[in-house]
Amino acid sequence: MSRAATMLIVEDEPETASLLETYFRAHGYQVFTAASGEEALSMAQAHPIDLIVLDIRLPDIDGFEVFRQLRAHRRTREIPVIFLTEKRERESRLTGLEMGAHDYIPKPFSLQELRARVQNILRRSRAEPAIDGLTGLPGRPLILDYLKEQLGRSDWGALLIGLQGLEAFGERYGFVARDDAIRAVGLLLTGINHESGDAFFLGHLGEGWFILIGSRHQVSAVAPQAIARLKSALPYFYPLQDMEEKPPDLPILRIAAAQAHGTEGPFPDPEAVIRRLLERREALSG
Ligand code: CA
């Protein structure tokens, strides 16, 4: 790193804010703090910020609104954001994913885990922002670009596929195991694409949700195959002991998927396709 990475911590609880500030300063970061949404927005405009840790619950505007406003300004649009969410706010994660947040960490969190995520994101954003650092696949910006090219046609299809239950899985086994599971899904899908003569565009939207884009016919044909393959791989994502003993509180991973086709359009923009897919995805039992 040529200069210290700069982060903005947005948190109104003074104890948490000062803990984070002290911890990241001690690890060589330049740290700004903001105790409200409005303060966060003005600081992000005023300073060059590499990454924002953003609490959802703030006294004025909530973290999602802060995020929306950051995305609306050229200067702050590209800043990676990690949301701090309450455990009970599981649906918060979904909203954040739909908006294109980079990561989430549920409270209470471990400082080490947060720092590892901060480091991962900074590494990714400094290396090649278009490629998802976790899977090596095209990330959200490239997915949106590719989808945009398809929107003028009617014969395209898109399959959204991923793991439901990853959050509880990560809480139980740690985020390294969670990331391993995401990578494994990426590799399986890359293999399937390869067997199809690389007929599909394959990308990772984030949080373990992948998208395959191809002709409508190809996507309809590959969907059951991809679902079956991922389903049969699920047991291998668990530690051996838990898979054998199946404790009653075993976090359950399920494959969920959804399709969208050009004939359902017109879609006003690629984000509308992503929204449709996220709304439509269903966990496939069994
Ligand atoms: Ca708060």
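We count ligands from 1, going down the list as the structure has it; atoms in each ligand are counted the same way.
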Is Leu58 close enough that one of its N/O/S atoms sits under 3.0 Å from the Ca ion (ligand 1)?
no

For His47, enumerate each residue passing the ring pair (Phe, Tyr, Trp, His ring centres under 6.0 Å) test, keeping only those at least two apart in sequence or located in another chain.
Phe32

For Asp12, the N, O or S atom at the shortest distance from the Ca ion (ligand 1) is OD1

If the threshold is 4.0 Å, N to carboxylate O, is there a salt bridge linking Glu264 and Arg216?
no

For the Ca ion (ligand 1): the N/O/S atom of Glu11 at shortest distance:
OE1

Have a look at Asp55 and say which of its N, O or S atoms is nearest the Ca ion (ligand 1).
OD2

Would the distance check show the side chain of Asp62 and the main-chain N or O of Ile56 forming a donor-acceptor pair, the cut-off being under 3.5 Å?
no

Answer yes or no: are there more than 12 heavy-atom neighbours, outside His194 itself, under 6.0 Å from its atom NE2?
no

